[in-house]
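Keep in mind that the numbers below use all heavy atoms, side chains included, and drop hydrogens, waters and symmetry copies.
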Amino acid sequence: MPLRFTLRQLEYFVAVGEAGSIAHASDKVNVSSPSISAAVSQMEEEFGLQLFVRKHAHGLSLTPAGHQFMAQAKSVLNEAHALSRLADNISGMVQGPLSVGCLLTFAQRVVPGLRRQFEAKYPNVRISQVEQDQARLFDLLRRAEIDVALTYDLDIPSDLNFLALAELPPYAILPEGHPLADRRSVSAEDLKDHPMVLLDLPISAEYFHSFFARIGARPLIAERTRDMAVMHSLVGNGFGYSIANIRPLSDQAPDGRPLVYVPLTGSARPLHLGLVTSGGADNVLTVKAFIDHCRASISADSIPGLRIGLEEG
């Protein structure tokens, strides 16, 4: 019996179901809206089912049948990707799609360079990248929507594997002229009575709070943001200090304000930058090649897009 759909139609259907609109799905898969709309309509016609409810000016929502088709479509696509990877392993070719997740706090600085170097070495690999917070990266790995994630060793679940690549100690980030900006180091005790700009991301925020919990204190949070660039600009404009484990190549906020990085001492635990995979993922040839590439590119002395240590400035 001939198939009544193509894998491409399934891919477009899933994209619409996740995005909630044809336009957003078009942006996600980089295909024209008419092509996606036609694929979805063809599936509905072929199966004689309404998969979406069209809401004028409010996008599309899955029908009960659509929800069932969505779950099965994702399973079929995952199996298709597994078949493609099996062929790659048998042929010994590093090729095909590779989905890389990254913690959004440093994705814009680290991933593009790593990706460009890897694709130059393996031109038959097509990388897609996803920037998310820690909890969402774990979820995407479990659902096989990404192959590997570059992130920190924060609350790594027991069903996922972490490979450490580099240790990153914490810094206090201060505006120029801050009372603590001329210190060689600061502690949570020094910072606790000064206003803080918290990088308020799941799991990451708990890590920053832990510095103060160890001394029986709470930070004086003046501002919260989920965006690293916004955090830098708030600090640069004097709204408070912040804490991070990465130091960009430039010691300037996005709006040009100077920033001062001071090592955070005491009981503060350093983070390890590394790769998270689900069980067996590193047996896939293309994933293994990417892991090896990251091992060669990232170390305690060199991380693409980041400055290591304070000796340079």
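- The backbone N or O of G236 sits nowhere less than 3.5 Å from a side-chain atom of R257 that would complete a donor-acceptor pair.
- Residues I146 and V100 fail the side-chain proximity criterion, which asks for heavy atoms closer than 4.5 Å.
- By the 30° and 60° cut-offs, the orientation of the rings of F212 relative to Y241 is tilted.
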* **Stepwise side-chain contact (heavy atoms from CB on, under 4.5 Å) check, F162 with Y152** => CA-CA 9 Å; F162 182 79; Y152 295 136; 6.0 Å; no
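- For the residue pair P263 and R184, the shortest heavy atom distance occurs at CD-O, 3.3 Å.
- Between V53 and L60, every side-chain heavy-atom pair lies at or beyond the 4.5 Å cut-off.
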* Does the pair D133 and S204 meet the rule for a side-chain contact (heavy atoms from CB on, under 4.5 Å), with working shown? -> CA-CA 8 Å; D133 61 54; S204 297; over 6 Å; no
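- The minimum heavy-atom distance between Q252 and L259, with the atom names listed, is C-CD1, 4.0 Å.
- Atom CZ of R269 is surrounded by more than 12 heavy atoms from other residues, nucleotides or ligands within 6.0 Å.
- In this structure, the side chain of Q9 engages the main chain of T6 through a donor-acceptor pair within 3.5 Å.
- Minimum heavy-atom separation, Q50 to A65: O-CB, 4.2 Å.
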* To do: Could you please spell out the steps behind the side-chain contact (heavy atoms from CB on, under 4.5 Å) verdict for L141 and L160?
  => CA-CA 8 Å; L141 282 166; L160 299 177; 4.2 Å; yes
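- With values rounded to the nearest 0.5 angstrom, L103 atom CG is found 7.0 Å from L201 atom CG.
- Between the T151 side chain and the C102 main chain, no donor and acceptor come within less than 3.5 Å of each other.
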* To do: Could you walk me through whether R247 and D251 pass side-chain contact (heavy atoms from CB on, under 4.5 Å), step by step?
  => CA-CA 8 Å; R247 187 185 183 196; D251 286 346; 2.4 Å; yes
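- Checking side-chain atoms of S26 against main-chain N and O of I22 turns up no donor-acceptor pair under 3.5 Å.
- L180 CG to H194 NE2: the interatomic distance, rounded to the nearest 0.5 Å, is 4.0 Å.
- Atom CZ of R142 is separated from atom OG of S278 by 10.0 Å, given to the nearest 0.5 angstrom.
- Remark: F47 CZ to L51 CG distance equals 8.5 Å, nearest 0.5 Å.
- Checking side-chain atoms of S242 against main-chain N and O of L198 turns up no donor-acceptor pair under 3.5 Å.
- Minimum interatomic distance between E223 and F239 (heavy atoms only, all atoms of both residues): OE2-CD2, 3.9 Å.
- A donor-acceptor contact shorter than 3.5 Å is absent between the side chain of T105 and the backbone of M228.
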* Starting from the C-alpha separation in whole Å, work towards a yes-or-no answer on side chain to side chain donor-acceptor pair (under 3.5 Å) for R115 and Q129. => CA-CA 9 Å; R115 176 180 173 180; Q129 61 189 63; 3.0 Å; yes
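- Open room surrounds NE2 on H24; 12 or fewer heavy atoms of other groups in view lie less than 6.0 Å from it.
- Using a 30° and 60° split on the angle between ring planes, Y261 and Y171 fall in the perpendicular class, above 60°.
- By the 6.0 Å contact criterion, CZ on R218 is open, its count of non-hydrogen atoms from other residues, nucleotides or ligands being 12 or less.
- Within a 6.0 Å sphere centred on CZ of R8, other residues, nucleotides and ligands contribute 12 heavy atoms or fewer.
- Looking only at side-chain heavy atoms (C-beta outward), L264 and P169 stay at 4.5 Å or farther from each other.
- Residues D193 and L220 fail the side-chain proximity criterion, which asks for heavy atoms closer than 4.5 Å.
- When atom types are taken as modelled, the side chain of E119 and the backbone of R126 share no donor-acceptor pair closer than 3.5 angstrom.
- Listed by first then second residue, pairs satisfying side-chain hydrogen bond (donor to acceptor under 3.5 Å, both in side chains) with a partner in residues 65-76 read E18-K74, not counting sequence neighbours.
- Between the side chains of S32 and S35, a donor-acceptor pair is found at a separation under 3.5 Å.
- When atom types are taken as modelled, the side chain of D200 and the backbone of T225 share no donor-acceptor pair closer than 3.5 angstrom.
- Checked against the 6.0 Å centroid threshold, F118 and H293 count as a close aromatic pair.
- Side-chain contact check for L7 versus Y12: every heavy-atom pair is 4.5 Å or farther apart.
- You'll find the ring centres of F52 and F69 outside the 6.0 Å limit.
- In terms of modelled atom types and a separation under 3.5 Å, the side chain of D153 and the main chain of H272 share a donor-acceptor contact.
- Side-chain atoms of E131 never come within 3.5 Å of backbone atoms of A107 as a donor-acceptor pair (strictly under, hydrogens ignored).
- For the residue pair V186 and A172, the shortest heavy atom distance occurs at CG2-CB, 3.6 Å.
- Taking the ring centroids of F290 and Y122, they lie at or beyond the 6.0 Å cut-off.
- Taken from CG in L163 to CG in L165, the straight-line distance is 5.0 Å, to the nearest 0.5 Å.
- The distance from atom CG of N245 to atom CG of L271, rounded to the nearest 0.5 Å, is 4.0 Å.
- Looking at V260 and H178, their side chains never come closer than 4.5 Å, going by heavy atoms from C-beta outward.
- We find that D139 and R136 are joined by a salt bridge, their nearest charged nitrogen and carboxylate oxygen being less than 4.0 Å apart.
- Using modelled atom types, one finds no donor on one side chain facing an acceptor on the other under 3.5 Å when comparing Y207 with D155.
- Between I303 and R109, the closest side-chain pair of non-hydrogen atoms is not below 4.5 Å.
- Heavy atoms only, all atoms of each residue included: A19 and A25 are closest at CB-N, 3.7 Å.
- Side-chain contact check for L10 versus V76: some heavy-atom pair is nearer than 4.5 Å.
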